[in-house]
Amino acid sequence: MRRRSLLIAVPAGLVTLAACGDEDSGSSSAGDSATPEASGTSAPPAPKIVDGPLPAITAGTKFDEKPTVAKGSGDPSKDLAVKTVIAGGGKAVAENDFVSANYLGQVWTSAKVFDNSYDRKTPLIIQLAQGSIIDGWRYALAGKKTGSRVQFSVPPAYGYGEQGNEQAGIKGDDTLVFVVDVQDTFNAKSSAKGKEAAQDDAALPKVGTNTDGKAPSIEVPKADAPKKLVAEYVLEGDGAEVGAQDSVLVQYKGVVWDGGKEFDSTYGRKELTSFSLQQVVKGWAQGLTGKKVGSRVLIVIPPDLGYGDNPPQGSGIEKDSTLVFSVDILAKM
């Protein structure tokens, strides 16, 4: 089981796509790592950002190499100390974006590494939003560009607070030091960027191929719905294949086959969605398994792999409906 990051809060489960009949579908296994929820108290005011002090990076100095960081010298700043070690030239990160990043975190006074993604060989993908990640990350990475290496120190008020994190060995008065390699950033205007695939089956819906972050069109034919699951590329990306146990970050739009009425869309909410393929209806899980990151996929889900005779209340989906989705796979988490 892949070890989850110490940084993240337990994610909220999806409402529309959550599989029916599973009371635990919104939970996530933490493996051997803590997953602290955001504090219920009000957030502290925005920190003052200063240049240092920050300990030296003594090895692994290139972008996306696992760094070795010296122990902090003297007292750390009580403010948020931030330094761009390597300046990238990509997209700027904004508040509420999802970022993909490799990182290492250690304690200032001891140089004890309490978490890193380099050894897991899987970057963290997390939303820079209050309640999703410690505040030090939100403020340190805002405005930084993809391709950048950012080093920063986080005082307790913008980390784990006075309670610390016992499981990680972080005390309530510990200042934390992070090195973060920002690989990519995603927001409500993100789209798949794959190569157009042929859509030449007149019996299937046709999906728009625009990549401007706007919702693609879905044209449902005036024909009987297929009885079996359909999962076809609209845009074929070149990223890693999605596994049955993976979580994904997506844009999507869903319509009902009969009449083509839209019932759900991340585009309409202006926010991306992430979820585990183990927490959604079978048609989604089976339809996305094996598909490549960076792709747009047409999924047609028959009732027995969707909601059957028990659709979500208030969803606008009738019993025994065939559902049609356009799904942009932005990242694998």
Side-chain angles (χ1 to χ4, degrees), residues 4-8 11 49 51 54 57 60-67 69 80-105 115-130 132-154 158 177-195 210-214 235 237-242 246-251 266-267 270-274 292-296 328-333:
R4 293 187 69 206
S5 165
L6 287 163
L7 300 170
I8 60 179
I49 296 179
D51 294 333
L54 287 166
I57 299 173
T61 56
K62 295 180 180 179
F63 181 82
D64 228 23
E65 284 186 338
K66 180 183 176 181
V69 183
L80 186 66
V82 182
K83 179 182 179 181
T84 300
V85 180
I86 299 172
K91 298 173 288 186
V93 175
E95 177 81 3
N96 294 318
D97 280 6
F98 284 81
V99 294
S100 173
N102 272 317
Y103 70 97
L104 178 141
D115 198 12
N116 89 90
S117 66
Y118 301 93
D119 290 347
R120 294 193 289 272
K121 302 187 185 306
T122 302
L124 171 70
I125 298 177
I126 188 69
Q127 189 176 21
L128 293 185
Q130 185 179 338
S132 294
I133 196 166
I134 59 174
D135 287 330
W137 271 60
R138 291 173 51 219
Y139 291 112
L141 296 183
K144 304 302 182 185
K145 293 184 177 181
T146 56
S148 295
R149 166 167 283 191
V150 185
Q151 183 184 18
F152 51 98
S153 67
V154 180
Y158 298 96
V177 178
F178 291 96
V179 176
V180 178
D181 290 322
V182 184
Q183 297 181 337
D184 209 344
T185 187
F186 306 95
N187 57 37
K189 296 182 180 179
S190 296
S191 286
K193 301 291 185 182
K195 181 181 178 181
N210 57 297
T211 58
D212 55 2
K214 296 180 181 178
L235 301 172
D238 58 3
E241 290 187 359
V242 175
D246 286 335
S247 294
V248 289
L249 177 68
V250 301
Q251 288 264 41
T266 56
Y267 303 95
K270 300 187 186 304
E271 60 181 13
L272 304 179
T273 288
S274 62
K292 299 173 187 176
V293 172
S295 299
R296 177 170 297 163
D328 281 18
I329 310 171
L330 301 177
K332 185 170 74 168
M333 304 174 73

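For the single chain, residues carry numbers from 1 onward in sequence order.
- Checked by atom type and distance alone, the side chain of S274 never pairs as donor or acceptor with a backbone atom of L249 at under 3.5 Å.
- Of all non-hydrogen atoms in Q130 and E95, the two that sit nearest each other are N-OE2, 4.3 Å.
- Put simply, the side chain of Y103 reaches to within 4.5 Å of the side chain of D115, judged on heavy atoms.
- Each of K145, K144, R149 was scored for a side chain to side chain donor-acceptor pair (under 3.5 Å) with T84, with one residue passing: K144.
- Looking at K292 and I329, their side chains never come closer than 4.5 Å, going by heavy atoms from C-beta outward.
- D51 CG: 12 or fewer foreign heavy atoms inside a 6.0 Å radius.
- Between K83 atom NZ and S153 atom OG the span is 12.0 Å, to the nearest 0.5 Å.
- In terms of heavy atoms, R296 sits closest to Y267 at NH2-OH, 4.5 Å.
- The local environment of CG in D238 is sparse, with at most 12 non-hydrogen atoms from other residues, nucleotides or ligands closer than 6.0 Å.
- The heavy-atom pair separating D328 from A192 by the smallest distance is OD2-N, 2.9 Å.
- Residue-environment remark: NZ (K193) exceeds the threshold of 12 foreign heavy atoms within 6.0 Å.
- Here the OG1 atom belonging to T146 is positioned 10.5 Å from the CG atom belonging to D97, to the nearest 0.5 angstrom.
- For the atom pair CG (L104) and CD (Q151), the distance works out to 10.0 Å, reported to the nearest 0.5 Å.
- Looking at D181 and K62, no side-chain N of the basic residue comes within less than 4.0 Å of a carboxylate O on the acidic one, giving no salt bridge.
- To the nearest 0.5 Å, atom CG of residue N116 and atom CG of residue L124 are 11.5 Å apart.
- Taking CZ of R138 as the reference point, atom CD1 of I134 lies at 11.0 Å (rounded to 0.5 Å).
- Contact record, G136 with L80: O-CD2, 3.9 Å, taken as the closest heavy-atom pair.
- Between W137 and F152, the ring-plane angle classifies as perpendicular under the 30° and 60° cut-offs.
- Of the inter-residue distances, the one linking K332 atom NZ with I125 atom CD1 reads 10.0 Å to the nearest 0.5 angstrom.
- Side-chain atoms of Q183 and N102, non-hydrogen and from C-beta on, do get closer than 4.5 Å to each other.
- Counting heavy atoms from C-beta outward, L128 and L141 have side chains that approach closer than 4.5 Å.
- Contact check for L330 versus F98: no side-chain heavy atoms found under the 4.5 Å cut-off.
- Of all heavy-atom pairs between F63 and I86, the closest is N-CD1, 3.6 Å.
- Of all heavy-atom pairs spanning L235 and G194, the tightest one is CD2-O, 3.7 Å.
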Step-by-step side-chain contact (heavy atoms from CB on, under 4.5 Å) determination, N96 to N187: CA-CA 8 Å; N96 294 318; N187 57 37; over 6 Å; no

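- Looking only at distances, no side-chain donor or acceptor of Q251 sits under 3.5 Å from a matching main-chain atom of L272.
- Classification of K91 and D184 as a salt-bridged pair holds, one side-chain N sitting under 4.0 Å from a carboxylate O.
- Using a 4.5 Å heavy-atom threshold, the side chains of M333 and D246 count as separate.
- Taking the salt bridge (Lys or Arg N to Asp or Glu O under 4.0 Å) definition, one finds that E271 meets it with R269, sequence neighbours left out.
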